[in-house]
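Following: one structure in structure tokens, then a few remarks.
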There are 2 protein chains.
Amino acid sequence: MTSSLEAGIQSIAELSRDASDLLLHATRQKPLAKGQVLLSEGQVCKTIWYVEKGYLRTFYNKDGKEINTRFSFENEFVTDLKSLRSGVPSACWIQAGEAAVVWEFAKETLLELYRQSAEIESFGRNLLEQMLVDQEDHANLFRIHSLTERYAYVVRHFPQLLQRVSLSQLSSYLGMARETVSRIRKNR
Amino acid sequence: MTSSLEAGIQSIAELSRDASDLLLHATRQKPLAKGQVLLSEGQVCKTIWYVEKGYLRTFYNKDGKEINTRFSFENEFVTDLKSLRSGVPSACWIQAGEAAVVWEFAKETLLELYRQSAEIESFGRNLLEQMLVDQEDHANLFRIHSLTERYAYVVRHFPQLLQRVSLSQLSSYLGMARETVSRIRKNR
DNA sequence: TTCATTTTGTGATTTTCGTCACAGGTTGAT
DNA sequence: ATCAACCTGTGACGAAAATCACAAAATGAA
């Protein structure tokens, strides 16, 4: 196991040496300064990123306010699937929340690899399954949990979020005002 | 095109005659009475359903109240992916909202088909991509839209929801009280 | 048709949470 | 070390939506 990326790939689907190498040669590393933008609203997304170090923040701009919908930490993959898949302009931004290192996968290259290798297609399917489960979990935060329960959920399941993301950033992720998070935090 | 199912499959990914037949032979039709339960909370999900007629309702039980998270209409696929994928007990229910006809795909059979056919694996990946995009859209309803905007979104994008689902059922899907939906509806 | 059941509309009241305002802390750059 | 920029805590207040209660309407079964 020579790299974080290789381990991250294997954790999604166990690939043969050949398939793994195909994927590893389809990507390149990219260092990011804090605040650097990977995807802007209005731009068509053509890339999937794997986070090796630091984290990426996905947010929407609603009436001038930023609403965070995702924080992608080490060993996670992230993209704007809607834009990537359909070629429509992205409605969100993806930005480095800290100085970071990511690996970039170009959509066209990946599609080509899917055609070449059933193993890689299977990897793609497994990655999507995992992303969908995560997404449903997060959606359920809003649908079946109260504000207090949402905070407790993050404390229990994503404690690093509290350590690495400011309370202001966290508040929109949890769908409440900054002041409300502060008050919930106090009453624990 | 001999069936609704065949059309539904082709709309996800264009399959050869052979691949399409493999899938079509892996499934069987099942008629459902209104209210009939396909998946109970606590049960491990082992099936993906395709809705030919009627609709399925996915809901969670929260302190004795039912919270609807999904309505799956004609030509849609539905499952509890988290339970299906990991074999953990399901946290939700899936039930027929009307008298319905569905096609059942057993998980094990599908996994076997993925191994046999790259085309079907590709179909699976495409289906997941579509489910993930839909799921993200619905999650964004809660994250970036006000209550009034959520209702307007459904009017615009899913008008059949208003026609086929009762206002009470809709209210939990939109994350608000029944009375609030009624009042929002009046002010339009 | 009739009657029971379910669904919807609507006012009154209460609760929750957002907004505003500001003070104190923390961080980071020079 | 200093200062500006940002972040967090907290009180006061108001707006929005939940809850409660009940009437009206729609639905469906016999």
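Residue numbers start from 1 in every chain, and the chains themselves are labelled A, B, ... in the order their sequence lines are given, proteins ahead of strands.
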(message) For A:Phe142, does the six-membered ring have the charged nitrogen or CZ of A:Arg150 within the cation-pi criterion, i.e. under 6.0 angstrom from the centroid and within 45° of the normal?
(response) yes
(message) What is the separation between atom CE on A:Met176 and atom P on D:dG9, rounded to the nearest whole Å?
(response) 14 Å
(request) Specify the separation, in whole Å, of atom CG of A:Asn187 and atom P of D:dG11. (result) 11 Å
(message) Check this for me: A:Lys53, atom NZ, are more than 12 non-hydrogen atoms of other residues, nucleotides or ligands nearer than 6.0 Å?
(response) no
(message) Base, sugar-phosphate or nothing for A:Arg185? Non-hydrogen atoms, less than 4.0 Å.
(response) sugar-phosphate
(request) Assess the pair A:Phe71 and A:Tyr173: is the distance between their ring centroids shorter than 6.0 Å? (result) yes
(request) Go through C:dT8, C:dT19, D:dA18 for me and flag the one nearest to the A:Lys65 side chain. (result) C:dT19
(message) In this structure, would A:Leu174 and A:Ile184 fall into the same cluster of hydrophobic residues linked by side-chain contacts under 4.5 Å?
(response) yes
(request) Using whole Å, report how far CD1 of A:Ile184 lies from P of D:dT10. (result) 14 Å
(message) Counting only side-chain heavy atoms from C-beta out, which of D:dT10, C:dT10, D:dA18 sits nearest to A:Arg183?
(response) D:dT10
(request) Establish whether A:Phe123 and A:Leu113 are linked, either directly or via other cluster members, by ILVMFWY side-chain heavy-atom contacts under 4.5 Å. (result) yes
(request) Check each of A:Arg70, A:Arg85, A:Lys82 against B:Glu136 using the salt bridge (Lys or Arg N to Asp or Glu O under 4.0 Å) test, and report the only one that passes. (result) A:Arg70
(request) Check whether the side chain of A:Glu179 and the base of C:dC17 form a donor-acceptor pair under 3.5 Å. (result) no
(request) Take B:Thr180 and B:Lys34, find for each the nucleotide of DNA chain D with the closest heavy atom, and name the residue whose nucleotide sits nearer the 5' end. (result) B:Thr180
(message) On the side chain of A:Arg178, is there an atom forming a donor-acceptor pair with the base of D:dG9 - under 3.5 Å, no angle test?
(response) yes
(request) Please check if B:Ile144 and B:Leu147 belong to a single hydrophobic cluster, counting links between Ile, Leu, Val, Met, Phe, Trp and Tyr side chain heavy atoms closer than 4.5 Å. (result) no
(message) What is the separation between atom CG on A:Asn68 and atom C1' on D:dC7, rounded to the nearest whole Å?
(response) 15 Å
(message) Which residues in residues 160-175 of chain A have a heavy atom closer than 4.0 Å to any atom of DNA chain D?
(response) A:Ser166, A:Leu167, A:Ser168
(request) Choose from D:dA18, D:dT10, C:dG9 the nucleotide whose nearest atom is closest to any side-chain atom of B:Ala177. (result) D:dA18
(message) Can you measure B:Asp63 atom CG to D:dA18 atom P for me and round it to whole angstrom units?
(response) 16 Å
(message) Whole angstroms only, please: what is the CG-P distance between B:Leu147 and D:dA18?
(response) 6 Å
